[in-house]
Participant: 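Please see the structure below; I have some questions.
Note that the numbering runs from 1 along the sequence shown for the chain. Values in this document were obtained by computation on a predicted structure and should not be read as measured data. For the numbers below, each heavy atom of this structure counts, side chains included, while hydrogens, waters and symmetry mates do not.
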Amino acid sequence: MSTPRPAPLSPLMFASLATLFVLFWSTGFVVAKFGLPYAEPFTFLGTRFVLASVLLLSLCFALRAKWPRRLRDYGHIAVAGLLMQSIYLVGVYYGIFLGASTGIMALIVGLQPLITGALVGPFLGESVSRRQWLGLGLGFGGLSLVVAEKIAFGEAVWFGYVLALMGLVAITAGTLYQKKFCIDFDLRATVAIQNVVSCVLMLALACLFETMEVSWTGEYLFALLWSAVALSVIAIMIFYYIVARGAATKVTSLMYLSPPTTAVMGWIVFDETLALLAITGMVTAVAGVAIVSGQRR
């Protein structure tokens, strides 16, 4: 007997969870900028996953989460986690560490909703309407306007942008894999397993390729704690939850709202300037996501 598919979310519930996800996910680039001056990328990510793993395992045992019964199920969960939480983050963090422009990084990763839209048919049997393609195009155009002033060449080695492309492939494949193979498992156990697997991988890479030296400043501790709890636990759990209950294209279009939200955070917290071009891009990106998300299936 097959396991019933999770029920779709109501529009109000989807909007509420989507807002929370975007707010948390948008802090990723800020956290990277805070943490990477004080530790190398594998070391930072390794310690992040240690904290997240301890927290999640404690919650799983306290709340009696249901663990997968078959070894094959653990394998599916691990593959999705390595793509979504390990390879993607290595691409983004090491790209930034090597000096890649945050604007170009955002543009590269911003291709995810478009690529997902092209792949959901063959992999998940979902369809993308013309209206949704229009929304995806508007979203990417808006994102491009938001980050236009942050695009710069010449500071990073070319390998930094290769890593960004690797991250793009990983998060796209990870989202599709998670949706296809992992939505029937207990979400708490799923994210715990993925964090443990990522923790082992990152610490091994740190031991092999880095000094593992850390400057334990207040900024580093804040970046570490925030990334472990807000990103590796809360944001990823919300993302998986809405992916399981919504069309993949609709959910991944939310990624277009991350750079605009980050820009607004910079304006509020760091008194950064918001140019007219960026504001125009924000409005365009929001309109694009509204078109994609508002499409009735």
Participant: Verify, without hydrogens or angle tests, whether Gln132 (side chain) and Lys250 (backbone) share a donor-acceptor contact under 3.5 angstrom.
Facilitator: no

Participant: At their closest point, which heavy atom of Leu257 faces which heavy atom of Thr261, and how far apart are they?
Facilitator: O-OG1, 2.6 Å

Participant: What are the two closest heavy atoms between Thr19 and Ala15, and how far apart are they?
Facilitator: OG1-O, 2.8 Å

Participant: Among Ile, Leu, Val, Met, Phe, Trp and Tyr joined by side-chain contacts under 4.5 Å, find the other residues sharing a cluster with Leu145 and list them by chain and number.
Facilitator: Leu277

Participant: On a heavy-atom basis, which atom in Asp73 and which in Pro68 lie closest, and how many Å separate them?
Facilitator: CB-CB, 3.7 Å

Participant: Just so I know, are the side chains of Leu17 and Phe21 near enough to count as touching, which here means a heavy-atom distance under 4.5 Å?
Facilitator: no

Participant: Val92 and Ile171: side-chain contact (heavy atoms from CB on, under 4.5 Å), yes or no, with the steps?
Facilitator: CA-CA 11 Å; Val92 171; Ile171 193 172; over 6 Å; no

Participant: Are side-chain heavy atoms of Met255 and Val109 found at a separation under 4.5 Å?
Facilitator: no

Participant: Spell out, as yes or no, whether a donor-acceptor pair under 3.5 Å connects the side chain of Glu40 to the backbone of Thr211.
Facilitator: yes

Participant: Could you give the distance from CG (Leu9) to CD1 (Ile242), rounded to the nearest 0.5 Å?
Facilitator: 8.0 Å

Participant: Does Leu71 CG have over 12 foreign heavy atoms under 6.0 Å away?
Facilitator: no

Participant: Looking at Ser227 and Leu224, would you say the former's side chain and the latter's main chain have a donor-acceptor pair under 3.5 Å?
Facilitator: yes

Participant: Closest approach of Leu143 and Gly110, non-hydrogen atoms and distance?
Facilitator: CD1-CA, 4.1 Å

Participant: Can you measure from CD1 (Ile236) to CE (Met84) and round to the nearest 0.5 angstrom?
Facilitator: 4.0 Å

Participant: Indicate, with yes or no, if Leu203 and Val214 share a hydrophobic cluster defined by side-chain heavy-atom contacts under 4.5 Å among Ile, Leu, Val, Met, Phe, Trp and Tyr.
Facilitator: no

Participant: Does Tyr177 reach the main-chain N or O of His76 with its side chain, forming a donor-acceptor pair under 3.5 Å?
Facilitator: no

Participant: Please evaluate residues Arg188 and Leu59 with respect to the criterion side-chain contact (heavy atoms from CB on, under 4.5 Å), reporting the C-alpha separation (whole Å), side-chain torsions for both, the decisive distance (0.1 Å), and the verdict.
Facilitator: CA-CA 8 Å; Arg188 299 161 297 182; Leu59 287 174; over 6 Å; no

Participant: Partners of Ala223 by side chain to side chain contact (heavy atoms under 4.5 Å, CB included), sequence neighbours excluded?
Facilitator: Val31, Phe34, Phe44

Participant: Spell out, yes or no, whether Leu111 and Val128 are grouped together once hydrophobic residues are joined by side-chain heavy atoms under 4.5 Å, including indirect joins.
Facilitator: yes

Participant: Can you name the residues that form a side chain to side chain contact (heavy atoms under 4.5 Å, CB included) with Arg64, not counting sequence neighbours?
Facilitator: none

Participant: What is the distance from atom OG of Ser293 to atom CG of Leu254, rounded to the nearest 0.5 Å?
Facilitator: 5.5 Å

Participant: By side chain to side chain contact (heavy atoms under 4.5 Å, CB included), which residues pair with Ile234, not counting sequence neighbours?
Facilitator: Phe24, Val229, Ile238

Participant: With side-chain contact (heavy atoms from CB on, under 4.5 Å) as the test, would you mind laying out the steps for Val90 and Phe42 before giving the verdict?
Facilitator: CA-CA 8 Å; Val90 167; Phe42 292 142; 3.7 Å; yes

Participant: With sequence neighbours left out, which residue pairs that include part of residues 119-143 fulfil the ring-ring contact (aromatic ring centres under 6.0 Å, His included) condition?
Facilitator: none

Participant: In Å and rounded to the nearest 0.5 Å, what is the CD1 to CG distance from Ile87 to Leu163?
Facilitator: 11.5 Å

Participant: Atom NZ of Lys179 and atom OH of Tyr240: how far apart are they, to the nearest 0.5 Å?
Facilitator: 13.5 Å

Participant: With clusters defined by side-chain heavy atoms of hydrophobic residues (ILVMFWY) lying less than 4.5 Å apart, directly or transitively, does Leu168 cluster with Leu98?
Facilitator: yes

Participant: Under a plain distance cut-off of 3.5 Å, with no hydrogens placed, do Thr47 and Tyr220 share a side-chain donor-acceptor pair?
Facilitator: yes

Participant: So, applying side chain to side chain donor-acceptor pair (under 3.5 Å) with Gln112, which one of Thr175, Thr172, Thr252 is it?
Facilitator: Thr175

Participant: Determine yes or no for a side-chain-to-main-chain donor-acceptor pair under 3.5 angstrom, with Glu210 supplying the side chain and Thr43 the backbone.
Facilitator: yes

Participant: What's the shortest heavy-atom distance between Val146 and Met282, and which atoms?
Facilitator: CG2-N, 3.5 Å

Participant: Atom OH of Tyr241 and atom CG of Leu187: how far apart are they, to the nearest 0.5 Å?
Facilitator: 9.0 Å

Participant: Counting only heavy atoms from other residues, nucleotides and ligands, does the tally under 6.0 Å from CE of Met212 exceed 12?
Facilitator: yes

Participant: If hydrophobic clusters are built from ILVMFWY residues whose side chains come within less than 4.5 Å, do Leu138 and Val283 share one?
Facilitator: no

Participant: Can you name the closest pair of heavy atoms from Ala285 and Tyr256 and give their distance?
Facilitator: CB-O, 4.0 Å

Participant: Indicate the ring-plane relationship of Trp226 and Phe222, choosing parallel, tilted or perpendicular according to the 30° and 60° boundaries.
Facilitator: parallel

Participant: Can you tell if the side chain of Leu165 reaches within under 4.5 Å of the side chain of Ile108, non-hydrogen atoms only?
Facilitator: yes

Participant: Kindly write out the residues that satisfy side chain to side chain contact (heavy atoms under 4.5 Å, CB included) with Ser232, not counting sequence neighbours, or none if the list is empty.
Facilitator: Arg48, Phe49, Ala52, Gln85, Asn195

Participant: Check the hydrophobic clustering (I, L, V, M, F, W, Y; side-chain heavy atoms under 4.5 Å; chains of links allowed) and say if Leu57 and Val50 are grouped together.
Facilitator: no

Participant: Identify the residue among Val147, Val30, Val22 that makes a side-chain contact (heavy atoms from CB on, under 4.5 Å) with Thr262.
Facilitator: Val30

